[in-house]
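Following: one structure in structure tokens, then a few remarks.
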Amino acid sequence: MSEQLTKRADDYAKWYNDLVLKADMAEHSEVRGCMVIKPHGYAIWEKMQRALDDMFKATGHVNAYFPLFIPKSYLAKEASHVEGFAKECAVVTHYRLKSDPVHGVVVDPEAKLEEELIIRPTSETIIWNTYRGWIKSYRDLPLLINQWANVVRWEMRTRLFLRTAEFLWQEGHTAHATKEEAVEETMRMLDVYTRFAEEWLAIPVIKGVKSASERFAGAEDTYCIEAMMQDGKALQAGTSHFLGQNFAKAFDVMFTTKENKQELVWATSWGVSTRLVGALIMTHSDDHGLVLPPKLAPVQVVIVPIAKNGEQLTAIGEYIEPTITALRVKGITVKFDNDDQKKPGWKFAEYEFKGYPVRIAVGPRDMENGTVEVARRDTLEKQVMQVTDLADKVEHLLTAIQDNLYQKALAMRENMTRAVNSYEEFKVEIEKGGFLMAHWDGTAETEERVKQETKATIRCIPLEGDRVPGTCMVTGKPSTQRVLFARAY
RNA sequence: CGGGGUGUAGCUCAGCCCGGUUAGAGUGCUACGUUCGGGACGUAGAGGCCGAUGGUUCGAAUCCAUUCACCCCGACCA
């Protein structure tokens with residue numbers, strides 16, 4: 001194999017980086033902190049978008065698009081929001097260049113903006129400023145809007161897909177007449193993300209609420225789904241915020257009730273990003289390369305003919321054609337790789353590395369026997385199958401792979417999740433990685449101390465499972481339930 | 001912003017300590033032939049301002065200074 005991949009056990013971070021680059025998903029751009037998402041990576045994101053967008057539509061949302069540029073003053077209107085994002089905003093100060101004999105082009109000092117624009121790190125402010133004009137009456141509510149967009153957060157340190165200066169995401173922004181409706185919406189979207197993670201990404205997640213210090217800047221409550229990567233670190237896979245009336249207050253968004261009273265609107269926002277591509281990689285992939293759950297694989301089944309010459313290739317094409325048709329009728333994406341420039345062995349390695357879930361090899365021997373060789377990427381098992389009813393068998397196999405990936409990820413998480421009862425035990429256990437369920441007194445001081453001393457943070461206060469009270473592992477004060485601690489991405 | 005590293009062929013890198021013909025390898029690329037059930041082989045070829053600038057020197061990929069870029073580890077964050 002010419003493309004040597006670092007082993008996970010040797011250096012997990014390097015393995016991840018190598019994999020992203022060598023599987024042709026993305027590369028570093030010339031601009032620091034930014035990446036080029038290449039077709040194989042982007043196709044995965046497109047599949048995610050499609051599935052999520054359908055789920056958003058099914059829950060009553062519509063798409064719209066708001067500007068990339070936000071007047072600087074908007075950000076300042078919500079106190080905690082500005083505090084959260086000010087440090088990482090790119091700012092546009094001028095609107096024109098002019099040619100310069102020495103430097104080619106320079107910023108035209110004459111073209112300074114009256115009010116500087118920031119490039120959105122998120123869109124709450126501009127959206128709520130717009131909503132003010134849209135919402136007048138209870139009849140205008142609820143307003144359920146999503147946008148697919150890019151955002152920029154000037155990060156000091158970046159990693160492909162997991163953290164880049166610019167990234168792609170969706171952000172839902174909804175407005176409601178009552179607190180109850182807004183809370184309900186927050187939870188509904190958290191459930192949508194949970195279903196998406198488990199059914200599509202094949203990643204089991206823990207639903208929870210963030211502690212105050214991890215809360216979104218401007219939210220009353222931030223809910224999240226937390227996933228565990230193979231190295232035992234946590235990764236936040238989605239968030240849903242109950243924003244209360246904070247943005248309505250900041251942007252003066254009032255509506256007239258049935259009783260003809262003026263009231264502030266209740267808000268939510270929720271989002272997932274291209275970081276999910278990173279989550280996908282770090283959950284399922286192995287030392288042989290990318291492993292993709294069938295539901296998100298751009299191509300689910302690749303067929304590699306093994307032919308000595310053009311006639312054989314044609315014969316194989318005819319032999320397998322009914323299967324290809326039958327697979328496509330089932331909505332399964334199939335690629336018949338009849339490129340005679342590349343050899344079968346090369347193709348095997350290539351498709352394996354890029355994570356195609358199922359590979360079917362067909363050669364002269366198969367045509368004699370009425371068979372094909374079917375290889376599954378998740379287990380690397382190969383078996384010879386009769387070509388009869390092959391499409392049905394492959395369909396079942398894809399389902400089995402999807403299920404197997406989820407079960408494997410779940411088993412891994414279960415193995416690496418444990419309850420700890422003392423801080424001493426915690427300090428030892430956290431070094432081994434994984435999720436630690438421990439009692440916490442609910443104070444920011446204790447949380448901060450644990451973070452400083454162990455680098456572990458409270459990922460969330462789980463909404464489900466063990467909710468038995470106890471005493472804080474650090475201070476011994478009362479705790480309402482165990483919370484999830486981990487080191488995180 | 002601290003610490004470490006790397007810039008030489010499309011890619012991965014050697015050469016640099018100890019300056020000296022025409023700067024190398026593997027891989028990829030092009031052509032032709034033999035091959036084709038796990039990244040084939042042979043033959044012939046194309047491909048480089050050695051990151052940039054300035055010094056030292058008869059002579060610099062190599063020594064010195066400056067500078068730029070990127071990567072990795074930390075602090076900050078989705």
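Naming: A, B, ... by sequence-line order, numbering from 1 per chain.
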Less than 4.0 angstrom between a side-chain N/O of Lys343(A) and OP1 or OP2 of G39(B), yes or no?
no
Pairs under 3.5 angstrom, nitrogen or oxygen only, protein versus nucleotides 41-43 of chain B, please.
none

Report task. For U66(B) versus U27(B), give the span between their C1' atoms, rounded off to a whole number of Å. Result -> 36 Å
For G42(B), the nucleotide meeting Watson-Crick or G-U wobble distances (both under 3.5 Å) is C32(B)
**OP:** For A61(B) versus C77(B), give the span between their P atoms, rounded off to a whole number of Å.
**Re:** 48 Å
Requested in this report: Could you measure between the two C1' atoms, the one in G26(B) and the one in G47(B), and give it in whole Å?
Outcome: 15 Å
From CD of Glu373(A) across to P of G38(B) the rounded distance in Å is 8 Å
Note to self: Any base atoms under 4.0 Å from Arg159(A), or only sugar-phosphate, or nothing? Heavy atoms, all strands.
What the structure shows: nothing
Notebook entry, point to check: Is there a donor in the side chain of Ser80(A) and an acceptor in the side chain of Glu78(A), or the other way round, less than 3.5 Å apart?
Noted result: yes
Provide the distance between the two P atoms, one in G51(B) and one in U62(B), to the nearest whole Å.
8 Å
Lys342(A) atom NZ is separated from G37(B) atom P, nearest whole Å, by 16 Å
For Gln230(A), the side-chain hydrogen bond (donor to acceptor under 3.5 Å, both in side chains) test, sequence neighbours excluded, returns Arg8(A)
Is the distance from OP1 or OP2 of C72(B) to the nearest side-chain N or O of Asn17(A) less than 4.0 Å? yes
When you measure from the side chain of Arg120(A) to the backbone N and O of Phe66(A), does any donor-acceptor pair fall under 3.5 Å? yes
When rounded to the nearest Å, what value does the distance between C1' atoms of G45(B) and G28(B) take? 14 Å
In whole angstroms, the gap separating C1' of C36(B) from CG of Asn338(A) amounts to 15 Å
Taken to the nearest whole Å, CD/Gln383(A) to P/G38(B) is 18 Å
* For residues Glu124(A) and Ser269(A), is any side-chain donor paired with an opposing acceptor at under 3.5 Å? -> yes
Please confirm whether the backbone N or O of Ile126(A) pairs with a side-chain atom of Ser123(A), one donor and one acceptor, at under 3.5 Å? no
Between CD of Glu368(A) and C1' of G37(B) the distance, given in whole Å, is 13 Å
From the list Trp200(A), Phe196(A), Phe161(A), side chain to side chain contact (heavy atoms under 4.5 Å, CB included) partner of Leu276(A) resolves to Phe196(A)
A9(B) -> Watson-Crick or G-U wobble partner, both distances under 3.5 Å, gives none
Sorted by number, residues from residues 300-322 of chain A placing a heavy atom under 4.0 Å from RNA chain B are Ile306(A), Ala307(A), Lys308(A)
Review point. Once the angle between the rings of Trp266(A) and Phe242(A) is folded into 0 to 90°, is it parallel (under 30°), tilted (30 to 60°) or perpendicular (over 60°)?
Key: parallel
Collect all protein-nucleotide pairs involving nucleotides 6-8 of chain B in which both atoms are nitrogen or oxygen and the distance is under 3.5 Å.
none

- Query: Just checking, any donor-acceptor pair under 3.5 angstrom between side chains of Thr6(A) and Asp18(A)?
  - Reply: yes
Contacts satisfying salt bridge (Lys or Arg N to Asp or Glu O under 4.0 Å) that involve residues 339-349 of chain A (not counting sequence neighbours) are Asp337(A)-Lys347(A)
Comparing nearest nucleotides in RNA chain B, the 5'-proximal residue of the pair Lys347(A), Pro344(A) is Pro344(A)
What interatomic distance, in whole Å, is found between C1' of A25(B) and the corresponding atom of C68(B)? 29 Å
Sorted by chain and number, sequence neighbours left out, salt bridge (Lys or Arg N to Asp or Glu O under 4.0 Å) with Glu116(A) holds for Lys72(A), Lys112(A)
- Going by distance alone, is a donor N or O of one side chain under 3.5 Å from an acceptor N or O of the other, for Thr186(A) and Ser240(A)? no
Applying the 3.5 Å cut-off to both distances, the Watson-Crick or G-U partner of A65(B) turns out to be U53(B)
Residues passing the salt bridge (Lys or Arg N to Asp or Glu O under 4.0 Å) test with Arg376(A), sequence neighbours excluded, are Asp378(A)
What's Lys382(A) touching, base or sugar-phosphate or nothing? Going by heavy atoms closer than 4.0 Å.
base
Give me, pair by pair, the N or O atoms of the protein and of nucleotides 74-78 of chain B that are less than 3.5 Å apart, along with how far apart they are.
{"unit_1": "G74(B)", "atom_1": "OP2", "unit_2": "Arg157(A)", "atom_2": "NH1", "d": "3.2"}
{"unit_1": "C77(B)", "atom_1": "O2'", "unit_2": "Glu155(A)", "atom_2": "OE2", "d": "3.4"}
{"unit_1": "C77(B)", "atom_1": "O2", "unit_2": "Arg163(A)", "atom_2": "NE", "d": "2.1"}
{"unit_1": "C77(B)", "atom_1": "O2", "unit_2": "Arg163(A)", "atom_2": "NH1", "d": "3.0"}
{"unit_1": "C77(B)", "atom_1": "O2", "unit_2": "Arg163(A)", "atom_2": "NH2", "d": "2.1"}
{"unit_1": "C77(B)", "atom_1": "N3", "unit_2": "Arg163(A)", "atom_2": "NH1", "d": "3.0"}
{"unit_1": "C77(B)", "atom_1": "N3", "unit_2": "Arg163(A)", "atom_2": "NH2", "d": "3.0"}
{"unit_1": "A78(B)", "atom_1": "O3'", "unit_2": "Gln236(A)", "atom_2": "NE2", "d": "3.2"}
{"unit_1": "A78(B)", "atom_1": "O3'", "unit_2": "Arg275(A)", "atom_2": "NH1", "d": "3.2"}
{"unit_1": "A78(B)", "atom_1": "O2'", "unit_2": "Arg163(A)", "atom_2": "NH2", "d": "3.1"}
{"unit_1": "A78(B)", "atom_1": "O2'", "unit_2": "Arg275(A)", "atom_2": "NH1", "d": "2.7"}
{"unit_1": "A78(B)", "atom_1": "O2'", "unit_2": "Arg275(A)", "atom_2": "NH2", "d": "3.0"}
{"unit_1": "A78(B)", "atom_1": "N6", "unit_2": "Thr164(A)", "atom_2": "O", "d": "2.6"}

In whole angstroms, the gap separating P of U12(B) from CG of Leu5(A) amounts to 15 Å
Ring pair (Phe, Tyr, Trp, His ring centres under 6.0 Å) filter on Phe167(A), not counting sequence neighbours, yields Trp169(A)
With sequence neighbours left out, the residues meeting side-chain hydrogen bond (donor to acceptor under 3.5 Å, both in side chains) with Lys308(A) are none
When rounded to whole Å, the OH to P distance for the pair Tyr16(A) and C71(B) reads 14 Å
Legend entry - Separation between the C1' atoms of G15(B) and A60(B), rounded to whole Å: 14 Å
So the salt bridge (Lys or Arg N to Asp or Glu O under 4.0 Å) pairs with at least one residue in residues 208-221 of chain A (sequence neighbours excluded) are Lys210(A)-Glu226(A), Glu214(A)-Arg459(A)
Across all chains, not counting sequence neighbours, the side-chain hydrogen bond (donor to acceptor under 3.5 Å, both in side chains) partners of Tyr12(A) are none
A60(B) -> Watson-Crick or G-U wobble partner, both distances under 3.5 Å, gives none
Atom C1', compared across A9(B) and A14(B): separation rounded to whole Å
13 Å
When both distances are under 3.5 Å in a Watson-Crick or G-U wobble arrangement, the nucleotide paired with G2(B) is C73(B)
Taken to the nearest whole Å, CD/Glu27(A) to C1'/C70(B) is 13 Å
